[in-house]
2 protein chains.
Amino acid sequence: MTLSDTVYERLRADIVQGRFPPLQPLRLEQLKQQYGVGFSPLREALNRLQGERLVVSAAQRGFRVRALSVTEMWDAVESRILVEGEALRRSVEQGGDDWEAGLVAGFHALSLVVKRLGAGADAPALEELERRHREFHAALISACGSAWLLDFAGTLGTETERYRTLALRSATLRRDRDLEAEHKALLDAALERDADRAADLLEEHYRETGQFLEQVLGQGEAAALR
Amino acid sequence: MTLSDTVYERLRADIVQGRFPPLQPLRLEQLKQQYGVGFSPLREALNRLQGERLVVSAAQRGFRVRALSVTEMWDAVESRILVEGEALRRSVEQGGDDWEAGLVAGFHALSLVVKRLGAGADAPALEELERRHREFHAALISACGSAWLLDFAGTLGTETERYRTLALRSATLRRDRDLEAEHKALLDAALERDADRAADLLEEHYRETGQFLEQVLGQGEAAALR
DNA sequence: TAAAGCCATATTTTCGAAATTCTGGACAAA
DNA sequence: TTTGTCCAGAATTTCGAAAATATGGCTTTA
């Protein structure tokens, strides 16, 4: 693993988890201090992040964290529904035993951390929740057989993760929403090989999240979107 | 425009048009000579190309041109049908006067170069054809309103372009296929605001191209896929 | 003969200095 | 007052050398 790779991962995490707010200029001199590396690995990492649409750059004017907006959030959510919906359908149709095993394992791991959390949820616990959530959804579509769909799903996943971390800083999940039940229903539909129902549930799941995000972002953290 | 940008575009064109064959190692010293720049802009360009999946890299082992294969080609084609199909539907539903104007203009420009080509087609003429073809398809989906779908469509477009340029070097377009008619039908369906028909035609159009590519790649240029 | 260790060479990766380019404010002219 | 120009400071971009790492052939050993 090169220095570039390390710095890439650290920068990525710092952006996704909102430690660099949207639109913040990423000054090389400062990052050099912060991460303790030279210009070269920094610029390489930033160029790669540009490909994932986490940063933007203008010639001779350096890099900035990409902006967030409610409009853009809905675009990401709807695109995700399209891409992951199709990937899920294919997985349900083509997935083998190992796919099913991965699903069950992923759901169980997610349930455990959800229960453990209960009411109190500090930052590292939320990160763990986010990670297992991501892994469960990755497991759902893992047998789709398309590298491109998985690629796009990954990009959209980190994109929407930016909004989730932003929202969860100011609000806690609505009590009237039973996330565990939504995931359980998704798991059941997948195991029963009901592709249409699974895709519908996934669509519903993501739209709900979108509405939640819109609500929170609209009121509380509007400042963070500028 | 920085040196990085320039070198990025040149490298990109050289890969897409097959002047660097698949799997070819991209040695920095050689590229340095070839493009007359230092290491920094080269590595930045290569890192960005990695994000577009045109090159791959392994730590301490440099960069290579990404491989091509028939399997991967079909994945790209099918993903393209999904993404552009949805984008086209939305464009047909939401597109305004300027969208229609762009469509008609794009189709006309494409027809002109197709007619001018006739039988003889040298390399620069083929590049022009490819450009207008790309622009017509871009115009079709340009009013979809989704930055993400346009982004994915662009990536898949350059990916499939790699296969087209490879195939067109060894084979000429089948005579029994009337590309102009296919495009005309697509244009008509779009202008008549028949989203379903347009999407079906687009799907057909891309699948036909896929079969053509499979045929050519399977026999003639199989060596180029390794 | 086969396997393991080692060295010379080729290549990538990183650094810090130098060159280039932008920004914002002060000053002058209309 | 407004507009335009110029300059100093700040930031990005580029370069070439130095450090770190892989590769392939050679020798040694079992």
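Letters A, B, ... are given to chains in the order of the sequence lines, protein chains preceding strands, and every chain is numbered from 1. For the numbers below, each heavy atom of this structure counts, side chains included, while hydrogens, waters and symmetry mates do not.
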Phosphate-side-chain proximity, R61(B) and dT21(D), N/O vs OP1/OP2 below 4.0 Å: no

L26(B) CG - dT12(C) P separation (whole Å): 9 Å

Under 4.0 angstrom between T2(A) side-chain N/O and dT12(C) OP1 or OP2: no

F20(B) and Y35(B) aromatic ring geometry - parallel, tilted or perpendicular at 30°/60° bounds: perpendicular

Gap between atoms CZ and P, on F39(A) and dT14(D) respectively (whole Å): 13 Å

Listed nucleotide nearest any side-chain atom of V37(A), set dC15(C), dT14(C), dG16(D): dC15(C)

Touch class at under 4.0 angstrom, heavy-atom based, for L3(B) against every strand present: sugar-phosphate

Mutual orientation of the aromatic rings belonging to H183(A) and H137(A) [parallel < 30°, tilted 30-60°, perpendicular > 60°]: perpendicular

Whole-Å distance separating the CD atom of E29(B) from the C1' atom of dA17(D): 12 Å

Length of the CD-P vector between Q33(A) and dG16(C), whole Å: 11 Å

Ion pair check, E135(B) and R131(B), cut-off under 4.0 Å: yes

Distance in angstrom units between Y35(B) OH and dT14(D) P, rounded: 16 Å

Value in whole Å for how far the C1' atom of dA11(D) lies from NZ of K32(A): 13 Å

Between C1' of dT14(D) and CE of M1(B), the distance in whole Å: 16 Å

d(CG, L42(B); P, dG16(D)) in whole Å: 12 Å

R48(A) with E44(A): basic N within carboxylate O range, under 4.0 Å: no

Touch class at under 4.0 angstrom, heavy-atom based, for S40(B) against every strand present: base

Shortest side-chain distance from R27(B), nucleotide among dT14(D), dT14(C), dT11(C): dT11(C)

Sugar-phosphate only, base, or nothing, as touched by L46(A) at under 4.0 Å among non-hydrogen atoms: nothing

Lys/Arg N to Asp/Glu carboxylate O, E93(B) vs R89(B), below 4.0 Å: no

